[in-house]
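For the numbers below, each heavy atom of this structure counts, side chains included, while hydrogens, waters and symmetry mates do not. Letters A, B, ... mirror the listed sequences (proteins, then strands); counts begin at 1.
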There are 2 protein chains.
Amino acid sequence: MTSPRHVRRTPAGAAAAQAIPVPVLRRMPGYLQALRQFRTEGLEWVSCTRLAGRLGLDPALARKDFTALDITGKPKTGFPVTGLIRAIESCLGWDNVRDAFLVGAGSLGRALLGYRGFREHGLNIVAAFDTDPGKIGSSLHGTQVLPLSKLAGLARRMRVAIGIIATPAAAAQEVADLMVAGGLRAIWNFAPTSLSIPPEVLVENEDLSRTLAVLSQRLQARRALELEENG
Amino acid sequence: MTSPRHVRRTPAGAAAAQAIPVPVLRRMPGYLQALRQFRTEGLEWVSCTRLAGRLGLDPALARKDFTALDITGKPKTGFPVTGLIRAIESCLGWDNVRDAFLVGAGSLGRALLGYRGFREHGLNIVAAFDTDPGKIGSSLHGTQVLPLSKLAGLARRMRVAIGIIATPAAAAQEVADLMVAGGLRAIWNFAPTSLSIPPEVLVENEDLSRTLAVLSQRLQARRALELEENG
DNA sequence: TCTTAATCGTGAAATTAAGCACGTTAAAAA
DNA sequence: TTTTTAACGTGCTTAATTTCACGATTAAGA
Ligand SMILES: NC(=O)c1ccc[n+]([C@@H]2O[C@H](COP(=O)([O-])OP(=O)(O)OC[C@H]3O[C@@H](n4cnc5c(N)ncnc54)[C@H](O)[C@@H]3O)[C@@H](O)[C@H]2O)c1
Ligand SMILES: NC(=O)c1ccc[n+]([C@@H]2O[C@H](COP(=O)([O-])OP(=O)(O)OC[C@H]3O[C@@H](n4cnc5c(N)ncnc54)[C@H](O)[C@@H]3O)[C@@H](O)[C@H]2O)c1
């Protein structure tokens, strides 16, 4: 009934279709956040005009982004808030919880372990690993810290698919190798270093310095401009 | 002698030239990381071929990115490692230390306060702010935690330009407003919410869920593909 | 000195992403 | 019931980004 010759990208759709572009995926959490806010405000339907407006995006962009989802809007009305939330969650795989291992129980690792927001993103950290004997055996936010040597074995036994690296950069490659050996399928790397990983394992680098680079360069550029203009 | 009619983007250059594109800026920290590694390996010169190779990028892209810098390479030899490091740092403003305020001394805030890597990025967190009476007055990694009410005044007095938000999303807008009131020029926002900020203040959102969205959707898509193929 | 080979800088081509415009549709108003 | 209006879906246009290609340059080796 809806979108007849429209190519589906959802898991249900056959033949891989087309990969959803990275920029589209990166906007999805923003939509989700705004939609949840609208929902708490009691809104049941929302237009792309309003949704995109809140996020400072072009309405047409939102509409285009949503063609990657299994949902269509209604003219004059827009999209059902709850339905759109569900569609985005389903697209991202956030409707099912997936277990993850975290390596590096330092200050960043502890923050990640204690972060409750990951539940809403389908991520459940089930164990932490470290090499520091002082940390092994302790429990952080209810999660056990285990010796790194147990990682590969446990990963296979527990069929864990996601690994999070929060060790110093110098240790990251070694940890990544263990993760690959343990059969993990995806690595979320917080260490500021580029990893060598076989192509069958997905890697995403969360490098804070990338954002900082944009911020500080722009700030510096503005300063230079002001100095030039005013004096 | 070098690059005669080449338009400069450095602060020294007149008339604003052209803004360096965001994708270029976001690659800079990666180059920097690889270059530092090369330097510790004793390398004095490096070609774009080798540098980009380590990062999985196209050599031509690196060359083009470096046109934003105040440096030129030599045929057959490449770029001087140290010179290129300095040129990138100067471009990003990482050669000067800038003071910053952090708001929200929770688990993420504490991790950021303790992170020594920011020194290399020209960022020096000089004070933390919170509303929790239990945290105010304490000291984290040598940084005082002050009441939020002091932020605006202190920011003006100390001429701090950068603010970091590490509070819950619900408090982020309020904190951002105080930062604007205090005359901060740039905000680095770790709360997963979009802020309303006047255009003269720069904002960069560090939303971890964006990276996670890419990772988990790709993982899910692979799973679906495998299920289809194998059984 | 002359040749070879690696790399640079850059314009042109290709690819990808974003924005626009318009015909269509459904709700609400006349 | 008819008209008006807001918003959808989508093909087309424009802009941004990346890749390709090649002449120019310089170091090293014959
Ligand atoms: N803390 C931050 O705010 C922050 C910000 C940006 C990036 N990072 C990056 O995140 C990573 C962790 O930072 P951190 O501040 O938590 O550091 P940290 O020193 O507090 O923690 C690192 C942890 O890793 C453990 N470790 C070291 N080698 C290991 C190994 N081979 N296997 C397993 N565990 C090992 C250490 O025992 C320690 O517990 C670093 O790469 C850092 O650059 C941190
Ligand atoms: N912890 C993580 O790993 C993580 C990961 C991703 C995103 N984040 C985001 O970072 C932010 C902080 O996360 P967290 O885990 O540190 O939370 P947290 O609850 O540990 O810390 C929040 C801190 O902010 C303070 N605070 C609350 N309201 C305030 C206000 N109005 N003004 C000043 N301070 C205020 C609290 O007292 C507390 O100290 C959140 O927005 C969270 O969504 C955290």
Side-chain angles (χ1 to χ4, degrees), chain A residues 1-9 17-28 30-31 34-35 38 43-81 83-84 87 210 214, chain B residues 1-9 17-28 30-31 35 38 43-81 83-84 87 210 213-214:
Chain A
M1 193 232 271
T2 55
S3 62
R5 65 215 122 108
H6 167 225
V7 180
R8 290 278 158 80
R9 275 102 163 211
Q18 196 102 43
I20 303 174
V22 170
V24 176
L25 291 176
R26 289 178 59 87
R27 281 190 292 271
M28 290 295 182
Y31 295 130
L35 286 165
F38 283 131
L43 214 64
E44 290 184 16
W45 293 84
V46 69
S47 67
C48 288
T49 313
R50 198 198 291 210
L51 177 57
R54 165 112 24 147
L55 298 168
L57 301 173
D58 189 298
L61 185 59
R63 279 201 288 272
K64 203 154 262 182
D65 287 347
F66 295 161
T67 61
L69 306 174
D70 246 343
I71 194 173
T72 48
K74 279 207 288 191
K76 182 86 180 186
T77 314
F79 291 80
V81 173
L84 193 47
R210 288 205 293 225
V214 178
Chain B
M1 194 230 273
T2 55
S3 62
R5 65 214 120 110
H6 167 227
V7 181
R8 290 279 158 78
R9 276 100 162 210
Q18 195 103 43
I20 303 174
V22 170
V24 176
L25 291 175
R26 290 179 57 87
R27 280 189 292 271
M28 290 296 182
Y31 295 130
L35 286 165
F38 284 129
L43 214 63
E44 290 183 17
W45 293 83
V46 69
S47 67
C48 287
T49 312
R50 191 182 315 195
L51 176 56
R54 166 112 23 147
L55 298 168
L57 301 173
D58 189 298
L61 186 59
R63 278 201 290 272
K64 205 151 260 185
D65 286 349
F66 296 161
T67 60
L69 307 174
D70 246 341
I71 194 173
T72 50
K74 277 207 291 191
K76 184 87 179 185
T77 314
F79 290 80
V81 173
L84 194 47
R210 288 205 293 226
V214 178

For A:Ala52 and A:Ala62, the nearest pair of non-hydrogen atoms, with its separation, is CB-CB, 4.3 Å
Would you say that B:Leu55 contacts B:Arg27 through its side chain, given a criterion of any heavy-atom pair below 4.5 Å between the two side chains? no
Looking only at heavy atoms, the pair that brings B:Arg26 and A:Arg26 closest together is NH2-NH2, 4.1 Å
For A:Leu84 and A:Ile71 the tightest heavy-atom approach is N-CD1, 3.6 Å
In this structure, NZ of A:Lys74 is separated from CH2 of A:Trp45 (nearest 0.5 Å) by 4.0 Å
In whole angstroms, the gap separating P of D:dT26 from CH2 of B:Trp45 amounts to 12 Å
B:Leu43 CG to C:dT7 P, in whole Å, measures 12 Å
Residues A:Thr67 and A:Lys64: closest non-hydrogen pair is OG1-O, 2.5 Å
In whole angstroms, the gap separating C1' of C:dA26 from CZ of A:Phe79 amounts to 14 Å
Shorter than 3.5 Å, N or O on both sides, protein versus nucleotides 27-30 of chain D: list them out with atom names.
residue : atom : partner : partner atom : Å
D:dA27  : OP1  : B:Lys74 : NZ           : 3.2

note: B:Leu69, atom CG; C:dC8, atom C1'; distance rounded to Å ~ 15 Å
DNA chain C in dot-bracket form (Watson-Crick or G-U pairs under 3.5 Å, [ ] crossing, | inter-strand) is ||||||||||||||||||||||||||||||
Considering only nitrogen or oxygen atoms on both sides, find all protein atoms under 3.5 Å from nucleotides 16-21 of chain C and state each distance.
residue : atom : partner : partner atom : Å
C:dA18  : OP1  : A:Arg27 : NH1          : 3.1
C:dA18  : OP2  : A:Arg27 : NH1          : 3.3
C:dA18  : OP2  : A:Arg27 : NH2          : 3.0
C:dG19  : O6   : A:Lys64 : NZ           : 2.3
C:dC20  : OP2  : A:Asp58 : OD2          : 3.2

Note to self: Would A:Met28 and A:Val24 count as a side chain to side chain contact (heavy atoms under 4.5 Å, CB included) here? Give the steps.
What the structure shows: CA-CA 7 Å; A:Met28 290 295 182; A:Val24 176; 3.8 Å; yes
Output for pair (A:Phe38 CZ, A:Arg54 CZ), nearest 0.5 Å, gives 4.0 Å
CG of B:Leu25 to CG of B:Asp65, rounded to nearest 0.5 Å, is 9.0 Å
Heavy atoms of B:Val81 and B:Leu35 approach each other most closely as CG1-O, 3.6 Å
Note: A:Leu51 and A:Phe66 closest approach over all heavy atoms is CD2-CZ, 3.6 Å
In whole angstroms, the gap separating C1' of D:dT18 from CZ of B:Arg26 amounts to 16 Å
